[in-house]
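None of these values were measured; they are calculated from a predicted model. Numbers restart at 1 for each chain; the letters A, B, ... are given by sequence-line order, proteins then strands.
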Amino acid sequence: MPELPEVETVARDLRTAAVGQRITRVRLSRPDVVRHPGPEAFAAGLRGTRVEAVERLGKFILCALDSADELVIHLGMTGHLWVCNASLPPRPHTHLRCRLEDGRELRFADARRFGRLLLGPRALLREVGVLPLLGVEPLSDEFTRDRFTAALRRTTRPIKSVLLDQRSIAGIGNIYADEICHHAGVRPTRRCHRLTRAERVRLFEAVPAVLHKAIANRGTSFDDYRDLWDARGSNEEELQVYGRGGLACPRCGSVLRRTVLGGRSTVYCPDCQR
DNA sequence: CCCCTATCCTGAGGGC
DNA sequence: TGCCCTCAGGATAGGG
């Protein structure tokens, strides 16, 4: 499940691989992964354009094109973007193939099809509602301690729900929400307005700490995440709680507990997360 | 406002 | 061996 660190890893490599390249040929074999505009307009609008920049916003990848449109990619749960020689046979569930000038191909595959593709000017995509307004980027200068702790004081929601809310903070998903709570020593079910000042500060510091480390490890390949070159990230080895219910807490040795919060599997340490 | 649930979708894994 | 069931969850929509 690609979250901010995985999407950032892919976006950085895509920047190197695709910026300056012209898309000479477009094959869209699964029209329903395109959410805007229609499939024909999407393919026609992509063909012949040059990639000028690649940016990540939350879990979205935005490729600025010389046509003034942006190609927007959301990987959903199982979406996979990769660049390979155009002659390689496509893997199953490959929905989009973009031929690049250098003989390589940018491909989008997604078994569950929770991912989606958009094309258009960013403002239009926002207007139409296919590109949602996102909260603060947790690795940017806008993510300040005052802003974060003030937001937490204002809500009664469980801390994990806030971390997962893309309108509050962009890019955090189920894996890193649990990891951030564990790093901060705060139980994910804790209601924000009841957190102490020290806990709010620990959470604020845990957010970039956990995300930066995961980026340094090129992401977590817990299920089927692979980078642009089809390689695994190594951050799975660093996970303290996610997917480890019933196992020992790496910090204190207690048995990690699994529960469900907001419909999401949630793992925490009953002893060192209060 | 906030929470819960269903929806989309496929593959993996368990039980029998 | 194979079939059926459940579960995984990012985002969104709808009901309470």
Selection from B:dT10, B:dC3, C:dA8 that lies nearest to any side-chain heavy atom of A:Arg191: B:dC3
Sugar-phosphate, base or nothing in reach of A:Tyr225, heavy atoms under 4.0 Å: nothing
Atom-to-atom span, CG of A:Asp165 to P of C:dT12 - whole angstrom: 11 Å
Sugar-phosphate only, base, or nothing, as touched by A:Thr78 at under 4.0 Å among non-hydrogen atoms: nothing
Side-chain N or O of A:Gln166 closer than 4.0 Å to phosphate OP1/OP2 of C:dG10: no
Distance test, side-chain N/O of A:His74 to OP1/OP2 of C:dA11, below 4.0 Å: yes
Whole angstrom value for the distance that separates P of C:dA8 from CD1 of A:Ile175: 13 Å
Per A:Pro158 side chain, nearest of listed nucleotides C:dA11, C:dG9, B:dC3: B:dC3
Which residue lies more 5' along DNA chain C, comparing A:Leu131 with A:Met77 via nearest heavy atoms: A:Met77
Salt-bridge criterion met for A:Arg22 and A:Asp66 (N-O under 4.0 Å): yes
Salt-bridge present (A:Arg91, A:Asp230; N to O < 4.0 Å): yes
From B:dC2, C:dA11, C:dG9, nucleotide with atom closest to A:Thr156 side chain: B:dC2
Separation of C:dA11 C1' from A:Leu133 CG (nearest whole Å): 15 Å
Nearest-angstrom distance from the residue atom CZ of A:Arg167 to P of C:dA13: 11 Å
Check: A:Arg264 side chain, C:dG10 base, donor-acceptor under 3.5 Å: yes
Lys/Arg N to Asp/Glu carboxylate O, A:Glu205 vs A:Arg145, below 4.0 Å: no
Sugar-phosphate only, base, or nothing, as touched by A:Pro2 at under 4.0 Å among non-hydrogen atoms: nothing
Lys/Arg N to Asp/Glu carboxylate O, A:Asp13 vs A:Arg218, below 4.0 Å: yes
Between A:Lys160 and A:Thr266: side-chain donor-acceptor atoms closer than 3.5 Å: yes
Rounded distance (Å) that lies between atom C1' of C:dG9 and atom CG of A:Asn174: 7 Å
Any side-chain donor near an acceptor of the partner, A:Tyr176 and A:Glu6, under 3.5 Å: yes
N/O donor-acceptor pair, side chain A:Arg116 with base C:dA11, under 3.5 angstrom: no
Rounded interatomic separation in angstrom, taking OH from A:Tyr176 and P from C:dG9: 14 Å
Any A:Arg112 side-chain nitrogen or oxygen under 4.0 Å from OP1 or OP2 of C:dG9: no
Sugar-phosphate, base or nothing in reach of A:Thr155, heavy atoms under 4.0 Å: sugar-phosphate
Minimum-distance nucleotide (side-chain atoms of A:Phe114 versus B:dT10, C:dG9, C:dA8): C:dG9
Side-chain N,O (A:His93) to OP1/OP2 (B:dG11) below 4.0 Å: yes
Nearest-Å distance for atom pair NE2/P, residues A:His36 and C:dT12: 16 Å
Length of the CG-C1' vector between A:Leu117 and C:dG10, whole Å: 15 Å
